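First up is the structure itself, then whatever we jot down about it.
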Amino acid sequence: MKKTNVHDIYLSSFGLRENTIERIEKAEKKLQARFKALEEIRSYNQLKVLRALQENRLSQADFFSATGYGYGDSGRDKTEAIFRDVFKAGACIVRPSIASGTHALSTILFALLSKRDRMVAVTGQPYDTLQEVIGVKGKEVGTLLEKGVNYSAIPLKKGGTIDYDALDLALKTPVRLVELQRSTGYTDRRAFTIDELGQAISFIKARQPKAIVMVDNCYGEFTETREPIEVGADIIAGSLIKNPGGGIAVSGGYIAGREDLVNRCMNHLTAPGLGKDTGLTFGTTRTTLQGLFLAPHVTIEALKGALLFCKVYEDLGYTCYPSLDDPRSDIIQAIVLEDPDRLISFVRAIQQAASVGAEVVPYPWSMPGYSDQVIMASGGFIDGSSIEVSADGPLRPPYLAYYQGGLVYDQAKLALLLSIQSLEDSKEI
């Protein structure tokens, strides 16, 4: 049998050069121990998800899709029970009608905050789209500030750590809700680990026991063996077209946490008196749960790709967040490119590795929810899915590229090869 030569397909099908391939493969060999550690996280989470499916007695009959109001939809109810058990929550909402992670987070905020309530963001200003929900950016109507909610954000200290002195001062006044963002977002810091979130939550609860602690869990699911509820978070939220959808869920989001808080969110999402008993799944139960089943494996494939990106770009002298030696708690790899043209070239190279629309040429544009123009590579089976190979970045200094995703490691590696060759061709290396 003829020996398979992966180099041949790189050279003949993707136009890559031998020296580019060798550069990446040298870095790859040095990461094998790190990859092994990530695979142990995958195995733990894979068995955790499998057990939740089994304990909730998932059956083929649960994939039947109800019509009308959705009364008696066993698949919907079991989906929410399975997610509840995976996240170690008291209750959970999992709905295709939740349009995005921002929508899930917004649902929590509007359900739990009233006029004159106080909200504090502990990990700096939250992600750009949530700033518009709050009302500190943009000119949207119907924001939290318009509703009369009092809001403040505590900047992070240099190095991306929580300012506990400032937090202590902020907690001397009653607070209704404290927000923590696990992921990097559009910042120059790494994600907060579960241990770090637990430390912050303990600090908050010691000073304000009745404060609701909300964690934006987007991009972080299954990157560690625990989730934020296990270290004291009251409520968390995320998107199904990121980690927990496994690249298969077609839409949706989740909210998980204390049962009383989740019930309030459900009443806001539907209506008081209807709550969790109504709402169609539109035939998505099978893909939502199959995506969840694959999510631990897919998330680690994406993490391995991010780690390889970091190793190669740091070897070339670029600053990365997280750095190679940092702990990882989301799938995002931020690379400081320091030049708008370099950022555009990087994103276009990532697009060339896409499974869908590889021929598309991305351009910066005024994306809804963002105050700066954004350039985005996003060519997946699910439109906008950031668990599939993707990259984006706002056109503002220091011109960070945010790479994430990869349903399979080989595609992430191809994206890296194309981005490095793009730098070589532009004489940046």
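This one's a predicted model, so the numbers in the text were calculated from it and none came from an experiment.
Atom CD1 in Ile229 sits 7.5 Å away from atom SG in Cys92 (nearest 0.5 Å). Taken from CZ in Arg190 to SG in Cys310, the straight-line distance is 12.5 Å, to the nearest 0.5 Å. Put simply, CD1 on Ile235 and CD1 on Ile108 are 4.0 Å apart, with the number rounded to the nearest 0.5 Å. Of the inter-residue distances, the one linking Tyr151 atom OH with Leu177 atom CG reads 11.0 Å to the nearest 0.5 angstrom. The distance from the CD1 atom of Ile331 to the OG atom of Ser390 is 7.0 Å, given to the nearest 0.5 Å. Taking CD of Glu230 as the start and CD1 of Ile194 as the end, the distance is 7.5 Å to the nearest 0.5 Å.
Checked for salt-bridge contact, Glu301 and Arg42 miss the test: no charged N lies under 4.0 Å from a carboxylate O. The existence of a salt bridge linking Arg17 and Asp425 is confirmed by a sub-4.0 Å separation between a basic side-chain nitrogen and an acidic carboxylate oxygen. A salt bridge is absent between Asp77 and Lys276; no separation between the charged side-chain nitrogens and carboxylate oxygens falls under 4.0 Å. Salt bridge absent: Asp260 and Arg264 never bring a charged side-chain N and a carboxylate O closer than 4.0 Å. Between Arg258 and Asp234 there is a salt bridge, with a side-chain nitrogen of the basic residue lying less than 4.0 Å from a carboxylate oxygen of the acidic one. For the pair Glu28 and Lys304, the salt-bridge criterion is not met [side-chain N within less than 4.0 Å of a carboxylate O]. Of the charged side-chain nitrogens involved, none lies within less than 4.0 Å of a carboxylate oxygen, so that Arg84 and Glu259 do not count as a salt-bridged pair.
Judged purely by distance below 3.5 Å, without hydrogens or angles, the side chains of Ser329 and Arg182 pair a donor atom with an acceptor atom. Side-chain contact annotation: His297 with Gln46, donor-acceptor N/O pair under 3.5 Å absent. If you check the side chains of Ser74 and Asp62, you find a donor sitting under 3.5 Å from an acceptor.
Annotation: Tyr164, atom OH; neighbour count of heavy atoms from other residues, nucleotides and ligands within 6.0 Å is above 12. Taking a 6.0 Å sphere around CZ of Arg348, one finds it holds more than 12 heavy atoms contributed by other residues, nucleotides or ligands. The neighbour count for Lys88 NZ, taken as heavy atoms of other residues, nucleotides or ligands under 6.0 Å away, is above 12. Heavy-atom contacts from other residues, nucleotides or ligands closer than 6.0 Å to CD1 of Ile9 number 12 or fewer. In Glu25, the CD atom is crowded: over 12 heavy atoms of neighbouring residues, nucleotides or ligands sit closer than 6.0 Å. Other residues, nucleotides and ligands contribute at most 12 non-hydrogen atoms within 6.0 Å of the CG atom of Asp383.
Between the side chain of Gln411 and the backbone N or O of Val408 there is no donor-acceptor pair closer than 3.5 Å. No side-chain donor-acceptor contact under 3.5 Å links Ser323 to the backbone of Thr319. A donor-acceptor contact shorter than 3.5 Å links the side chain of Thr284 to the backbone of Thr281. A donor-acceptor pair under 3.5 Å is absent between the side-chain atoms of Glu388 and the main chain of Gly405, judged by distance alone. Of the possible polar contacts, one joining the Glu314 side chain to the Leu324 backbone as a donor-acceptor pair under 3.5 Å is found. A distance-only check finds no donor-acceptor pair linking the side chain of Asn243 to the backbone of Cys218 [under 3.5 Å]. Formation of a donor-acceptor pair under 3.5 Å by the Glu227 side chain with backbone atoms of Ala89 is not found in this model. At distances below 3.5 Å, at least one donor-acceptor pair connects side-chain atoms of Ser419 with backbone N or O atoms of Leu416. Remark: side-chain polar atoms of Gln333 are paired, donor with acceptor, to backbone N or O of Pro322 under 3.5 angstrom. Under the 3.5 Å distance criterion, the side-chain polar atoms of Thr225 are left unmatched by any main-chain donor or acceptor of Ile41.
The aromatic rings of Tyr313 and Tyr318 stand perpendicular to each other, their planes meeting at an angle above 60°, with 30° marking the opposite boundary.
Two residues are said to be in side-chain contact when any heavy atoms from C-beta on lie closer than 4.5 Å; His103 and Leu269 meet this criterion. Within the 4.5 Å cutoff, no side-chain heavy atoms of Ile162 are placed close to those of Gln199. Counting only heavy atoms from C-beta outward, the side chains of Leu308 and Lys413 approach each other to under 4.5 Å. Using a 4.5 Å cut-off on side-chain heavy atoms (C-beta onward), Leu105 and Tyr127 make no contact. Contact annotation: the side chain of Val347 never approaches that of Met376 to less than 4.5 Å [non-hydrogen atoms, C-beta and beyond]. Side-chain atoms of Phe293 and Leu58, non-hydrogen and from C-beta on, never get closer than 4.5 Å to each other. Put simply, the side chain of Ile300 reaches to within 4.5 Å of the side chain of Leu303, judged on heavy atoms.
Considering every non-hydrogen atom in both Ile387 and Ala302, the closest pair reads CD1-CB, 4.2 Å. Glu132 and Thr143 get closest at one heavy-atom pair: O-CG2, 3.4 Å. Ser106 approaches Val133 most closely through the heavy-atom pair OG-CG1, 3.7 Å. The nearest pair of heavy atoms linking Leu289 to Phe63 is CD1-CE2, 4.5 Å. Taking all atoms of both residues into account, the shortest heavy-atom contact from Val215 to Pro228 is CG1-CG, 3.8 Å. Nearest heavy atoms, Leu180 versus Leu197: CB-CD2, 4.2 Å.
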Handout entry: Test side-chain hydrogen bond (donor to acceptor under 3.5 Å, both in side chains) applied to Asp392 and Tyr186, step by step
Key = CA-CA 9 Å; Asp392 52 276; Tyr186 275 168; 2.4 Å; yes

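Test Asn56, Val49, Val94 against Ile82 for side chain to side chain contact (heavy atoms under 4.5 Å, CB included) and you get one pass: Asn56.
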